[in-house]
Amino acid sequence: MNYYPSGCDTIDFNDCNVCVTENGRVRKVALIHKNYFQTIIADPENVNNWLSGISTNKIIIYPETNGEFDGGVAKMGFGFATASETLIAYNFGVNITEPNYQGNRNHWNKLAGSRNYYLAFCSENIMNITTKVCNIVPTNKIDNELKAEVTWAVQLKWADFEIPTQHNIPDGVFQCGNYPSTTRIFDFTFDNTFN
């Protein structure tokens, strides 16, 4: 964290010639266990690393979601000298709905409140990966509407000074057929430390 602005920082150039428009919606999500995160972040577009993590229950894939990323809410602290405030971090949130409702109560109960997973989430072509673990908050509201679909609504929250990293979506990873055939084994240790 930088509390004092420095003239020594090298700022990357802003690319003003991007010809592609990225379309929205959080369309796909993955939870990456903290014990496997370094493998993924070392080469985020390596399909084999992803498939290995999925097959060993270190990555959970949600291939079809509907949701949004809030882009971060600034957490401000005391300012110094003539500055009234200082940026300390961002509070980030991804809110998704996941359509596979029936039969997944135990899955979400085991993840509720977990601080063991990093988050990868995809818009149209870009995969974003958090650099801090997220807090997982699932809910299952049922609306008073006869034709309203019941889904899992999941809030994924974290605090960080950095915006999530951006990568190309690895081919063939975010698919339902990639689930291991055995029952998923979770690490139930609870980590409530602030990262």
Side-chain angles (χ1 to χ4, degrees), residues 1-3 26-77 87-98 100 104-123 126-140 152-170 173-174 178-180 183-195:
M1 256 181 256
N2 296 326
Y3 288 100
V26 175
R27 303 169 185 216
K28 307 167 189 304
V29 166
L31 296 175
I32 306 162
H33 194 276
K34 62 185 180 182
N35 292 343
Y36 197 74
F37 177 73
Q38 291 305 320
T39 301
I40 290 298
I41 205 63
D43 191 1
E45 297 173 24
N46 184 319
V47 174
N48 292 329
N49 287 347
W50 281 91
L51 295 178
S52 177
I54 293 166
S55 69
T56 58
N57 299 313
K58 294 296 183 184
I59 297 176
I60 306 167
I61 298 290
Y62 304 95
E64 295 180 354
T65 63
N66 176 329
E68 61 191 10
F69 169 49
D70 66 13
V73 176
K75 182 174 175 57
M76 306 302 289
L87 176 64
I88 296 174
Y90 294 97
N91 288 320
F92 291 106
V94 168
N95 295 322
I96 61 166
T97 55
E98 204 277 324
N100 297 301
N104 283 318
R105 173 189 172 272
N106 290 341
H107 172 79
W108 289 111
N109 273 342
K110 299 294 185 185
L111 288 171
S114 173
R115 300 273 303 169
N116 292 318
Y117 291 89
Y118 291 82
L119 172 66
F121 58 98
C122 306
S123 49
I126 301 295
M127 174 179 62
N128 301 272
I129 302 177
T130 65
T131 58
K132 301 290 184 190
V133 293
C134 62
N135 196 357
I136 303 169
V137 185
T139 59
N140 64 336
W152 290 101
V154 184
Q155 297 176 18
L156 302 132
K157 302 177 177 187
W158 70 99
D160 198 350
F161 192 75
E162 295 185 5
I163 293 169
T165 62
Q166 295 180 342
H167 313 277
N168 292 318
I169 300 171
V173 168
F174 289 87
N178 287 335
Y179 293 122
T183 303
R184 196 170 289 288
I185 300 169
F186 293 99
D187 177 356
F188 297 123
T189 58
F190 188 76
D191 179 1
N192 64 354
T193 58
F194 180 78
N195 294 345

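Computed from heavy atoms alone, side chains included, the values below leave out hydrogens, waters and symmetry copies.
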Taking the side chain as everything from C-beta on, heavy atoms only, tell me whether H107 gets closer than 4.5 Å to I60. yes
What distance do L111 atom CG and N104 atom CG have between them, rounded to the nearest 0.5 Å? 10.5 Å
Taking the six-membered ring for Trp, are W158 and F69 parallel (under 30°), tilted (30 to 60°) or perpendicular (over 60°)? parallel
So do the side chains of H167 and I129 get within less than 4.5 Å of each other, counting heavy atoms only? yes
Close side-chain approach of C122 and M127, heavy atoms under 4.5 Å: yes
Side chains of D160 and T131: is there a donor and an acceptor less than 3.5 Å apart? yes
Should the pair W50 and F174 be assigned to parallel (<30°), tilted (30 to 60°) or perpendicular (>60°) ring geometry? tilted
Any side-chain to backbone donor/acceptor pair from S52 onto N49? Under 3.5 Å, distance only. no
Measure across E98 and Y62 and return the closest heavy-atom pair with its distance rounded to 0.1 Å. CG-CD2, 3.8 Å
Could you go step by step and tell me if L31 and I136 meet the side chain to side chain contact (heavy atoms under 4.5 Å, CB included) rule? CA-CA 10 Å; L31 296 175; I136 303 169; 3.9 Å; yes
Drop me the distance from K110's NZ to R105's CZ, to the nearest 0.5 angstrom. 9.0 Å
Heavy-atom distance under 4.5 Å between the side chains of V137 and V154, does that happen here? no
Output the distance between atom NZ (K58) and atom CG (N116), rounded to the nearest 0.5 Å. 9.5 Å
With a 4.5 Å limit on heavy-atom distance, are the side chains of H33 and I59 in contact? no
Taking atom CD as the centre, does E64 end up with more than 12 heavy-atom neighbours from other residues, nucleotides or ligands that are less than 6.0 angstrom away? no
If we ignore hydrogens and angles and just use 3.5 Å, is the side chain of T65 paired with the main-chain N or O of V26 as donor and acceptor? yes
Should the pair F37 and Y118 be assigned to parallel (<30°), tilted (30 to 60°) or perpendicular (>60°) ring geometry? parallel
Given L119, which of V94, I32, V133, N128 fulfils the side chain to side chain contact (heavy atoms under 4.5 Å, CB included) condition? V94
Heavy-atom side-chain contact between I96 and W152 under 4.5 Å: no
Under 3.5 Å, is there a donor-acceptor pair between the side chain of N91 and the main chain of V73? no
Identify the two heavy atoms, one from P44 and one from P170, that lie closest to each other, and give their separation to 0.1 Å. O-CG, 4.0 Å
Supply the atom-to-atom distance I54 CD1 to Y36 OH, rounded to the nearest 0.5 angstrom. 9.0 Å
Hey, are the side chains of Y117 and K34 touching, using non-hydrogen atoms and a 4.5 Å cut-off? no
Look up atom CD in E45 and atom CG in N168, then write down how far apart they are to the nearest 0.5 Å. 4.0 Å
So, does T139 use its side chain to make a donor-acceptor pair with the main chain of A153 at under 3.5 Å? yes
S123 OG to K28 NZ distance, which is reported to the nearest 0.5 Å: 11.0 Å
